[in-house]
Protein chains: 2
Amino acid sequence: MAKIDEVAKAAGVSISTVSYALSGKRPVSAETRTRIEAAVLELDYHPNAGARMLAGSRTNIFALTEPFRGDTHAPTHMSFVLAASIAARRNDYDLLLLTQEDSSRGMSRVASSGLVDGILVLDVAPADERVALARRIDIPTVFIGVPDDHEGLVCVDLDFEAAAALAVQRLADAGHRSVGLIGQPAIAYDNSNFPPRVRRGFDAQADECGLDAQFRTSGSVRPDAITTRRGTAELLDAGVTGLVVHASEEAIREVLAEVGERGLSIPADVSVISVASSFDAASLAPPLDDIPLIPQRSCDVAVDLALRALEANPPAPSVHLIAPEYHSRGSVGSVREGPEDTAR
Amino acid sequence: MAKIDEVAKAAGVSISTVSYALSGKRPVSAETRTRIEAAVLELDYHPNAGARMLAGSRTNIFALTEPFRGDTHAPTHMSFVLAASIAARRNDYDLLLLTQEDSSRGMSRVASSGLVDGILVLDVAPADERVALARRIDIPTVFIGVPDDHEGLVCVDLDFEAAAALAVQRLADAGHRSVGLIGQPAIAYDNSNFPPRVRRGFDAQADECGLDAQFRTSGSVRPDAITTRRGTAELLDAGVTGLVVHASEEAIREVLAEVGERGLSIPADVSVISVASSFDAASLAPPLDDIPLIPQRSCDVAVDLALRALEANPPAPSVHLIAPEYHSRGSVGSVREGPEDTAR
DNA sequence: TTGAAAGCGCTACCAG
DNA sequence: CTGGTAGCGCTTTCAA
């Protein structure tokens, strides 16, 4: 546990020069810097975090609030936490984990004790209690997700509406007249912010294109095979030829299984697009066109925004929507002219 | 952002009295304490974290290393992270998250900068790189899991060997002569520390009881239905009447499905016990006897050990194995006398 | 380009 | 039971 004065002595310079050499906030001659760096390595010097926090204006820590509710999709959430951690570390920041210990109390605690420089909010609910807190707190807070009431907040997320709309548009372009959305488990439409956004985008674009549109969930609380199968079956029975799926990998497998068991093939008989998937839609059988949800992208932007909020000219509050990217894998085909059409 | 001197002034006492009143490290008269508490509330005072870390000997932060590898079972890992977080908070500690590429470097970084008081290690591999680091570092490190080489380390975990042995013993007691273990995906036997421990306990106890014992995995990389089904089928074909399952909820459902489709009933024809399950085995159909893995228990002990390691008389390094608890739900029955037995 | 020194806000020792 | 105060190890202003 060498201290800065030992480094200074070893390098034959003053304490302040060591500090500046390490922070780069003041020019230091190449020769001096070399000596200091050697001393640092020699003594295995690491600046004391507490002293830094006290003397400096930064703690180099962001809080990450992630309730870890039991009903959420664990793999997706883990991806976001990991992506946030990587993005933070790349900017020399650590993450302090705040779980459901009263997410609000944790936030105000770390904010008012000066433990963290900013807060990243994950697993955002449509009506999220952390929204009110973010407004009250005096450190930058970035939401990864968009709550219903986001006035004055900084939010980052995939543009789910646009993603769903893009999928519908592709189907419409391919001639499909009747499309269906297999969504998340029903409860997610209350607990999470993005499933409703996908649904809105889907409905709006279907309307825009004059398509017949229907919706089914993939379960009530968690994805379940029965509900997903039945929902898919109902849509196919109703003459849907284009499916947009916003569901877990397991649920999508059920959708594909149902399609397969009916002897329908993709894309000849039915077209399928996965939206906001955080798994690899290319490894499904058959590989599906998809518009992926990339945690890394959201988290990179979020960390960047948090960092910029600490600088002199903080960016104004706003919702950063990440443009959807469509990946073609051959699961969308032109609609086959059906008997109704020729009969007319 | 009120400071301690403002509180002191407001309460009409000295700074040190405020400090002692809040820490409880020195007796303070009831009346004085009341005035101080009033001032604290009034000014919304929260001690500055950096100053505390610098002046005091504690940071009130533990690091949590959790690689978040892609091939792990996310729900279980999330449970552990959550349990660790809750245990830490209950002791007024926060958790700093260290993820993958950070695991080794991150540990030494936070240790030598004095950012954290101790480290909790999750997702322990049999040959874990963090073991060497833990020995080098000068702050307490607690492993939640037991690496192969755990000499001199503090480890906490469910006694997986004993859990598996207990399950086998129950089957033996019920008269089963041939038992099978449906385990984790194959890769977990290299990447994680506990699957091999379950298998060892299973084999040892079967040997001890003179039972015929067989083993199958539930997949190669992730649990998969096909492998699980086939493994179950093979065991049943081989005359196994007692199944010990150490697998994910989805995999167990496949096991039960295979048993059901063969027209076998539980426990009349086949007995099934789930070991080290971190989901609710009571909600399966039929409800299964199980020996649960309770993240909360491991994490409570781990935090407690970390805390005690900071005190004057730190406990000696040791492996704390948590005794397995058997929950009966009627999925184990006496073995039916088969033709071979009566023929003798 | 470098150095000296004044804090940052708290804890804990030494007095009383 | 309470107060005064010397640091904790760094960052940053002011001087040179």
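Chain identifiers are assigned alphabetically (A, B, ...) following the order of the sequence lines, protein sequences preceding nucleic acid strands; residue numbering begins at 1 within each chain.
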Measuring to OP1 and OP2 of dC10(C), would you say a side-chain N or O of Lys3(B) lies under 4.0 angstrom away?
no
Euclidean distance, atom NZ of residue Lys9(B) to atom P of dG9(C) [Å, nearest integer]
13 Å
Should Asp94(B) and Arg109(A) count as an ion pair when the cut-off is N to O under 4.0 Å?
yes
Classify the side chain of Ser14(A) and the base of dA4(C) as holding, or not holding, a donor-acceptor pair under 3.5 Å.
no
N/O donor-acceptor pairs under 3.5 Å from side chains in residues 77-84 of chain A, not counting sequence neighbours:
from     : atom 1 : to       : atom 2 : distance (Å)
His77(A) : ND1    : Glu66(A) : OE2    : 2.9
Ser79(A) : OG     : Pro75(A) : O      : 2.9

Any pair counted as salt bridge (charged side-chain N to carboxylate O under 4.0 Å, His left out), so long as it reaches residues 5-30 of chain B, sequence neighbours left out
none
Look at the side chain of Arg26(A) and the base of dT1(C), then say whether one donor and one acceptor between them are separated by less than 3.5 Å.
no
For a salt bridge (Lys or Arg N to Asp or Glu O under 4.0 Å) check, start with the C-alpha distance between Arg135(A) and Asp149(A), then their side-chain angles and the critical distance, and finish with the verdict.
CA-CA 12 Å; Arg135(A) 298 201 175 104; Asp149(A) 168 18; 2.8 Å; yes
Estimated bend of the helix from dT1(C)-dA16(D) to dG16(C)-dC1(D) (axis per five terminal pairs, rounded to 10 degrees)
30°
Span of DNA chain D in contact with chain A (heavy atoms, under 4.0 Å)
dG9(D) to dC14(D)
Ile61(A)/Leu95(A) under side-chain contact (heavy atoms from CB on, under 4.5 Å): CA gap, chis, key distance, verdict
CA-CA 6 Å; Ile61(A) 301 175; Leu95(A) 289 185; over 6 Å; no
Nucleotide dG7(C), atom P - distance to CG of Asp5(B) in whole Å:
14 Å
Rounded to the nearest angstrom, tell me the gap between atom CG in Leu22(A) and atom P in dT2(C).
13 Å
Look at the side-chain N and O atoms of Ser29(A) and state whether any lies under 4.0 Å from the OP1 or OP2 oxygen of dT2(C).
yes
Does anything in residues 296-321 of chain B form a salt bridge (charged side-chain N to carboxylate O under 4.0 Å, His left out)? List the pairs, not counting sequence neighbours.
Arg90(B)-Asp300(B), Arg297(B)-Glu325(B), Asp304(B)-Arg308(B)
For Ser16(B), answer base if it contacts any base atom (sugar-phosphate contacts may also be present), sugar-phosphate if it contacts only those atoms, and nothing otherwise; contact means non-hydrogen atoms under 4.0 Å.
base
Those residues of residues 34-55 of chain B lying under 4.0 Å from DNA chain D by at least one heavy atom:
Leu54(B), Ala55(B)
Hey, does Ser19(A) reach any base, or is it just sugar-phosphate, or nothing, if we go heavy atoms under 4.0 Å?
base
Rounded to whole Å, the NZ-P distance (Lys25(B) to dC13(C)) equals 9 Å
Within the 4.0 Å heavy-atom criterion, would you say Thr32(B) contacts the bases, only the backbone, or no part of the nucleic acid?
sugar-phosphate
Show your reasoning for whether side-chain hydrogen bond (donor to acceptor under 3.5 Å, both in side chains) applies to His150(A) and Asp148(A).
CA-CA 6 Å; His150(A) 49 264; Asp148(A) 288 344; over 6 Å; no
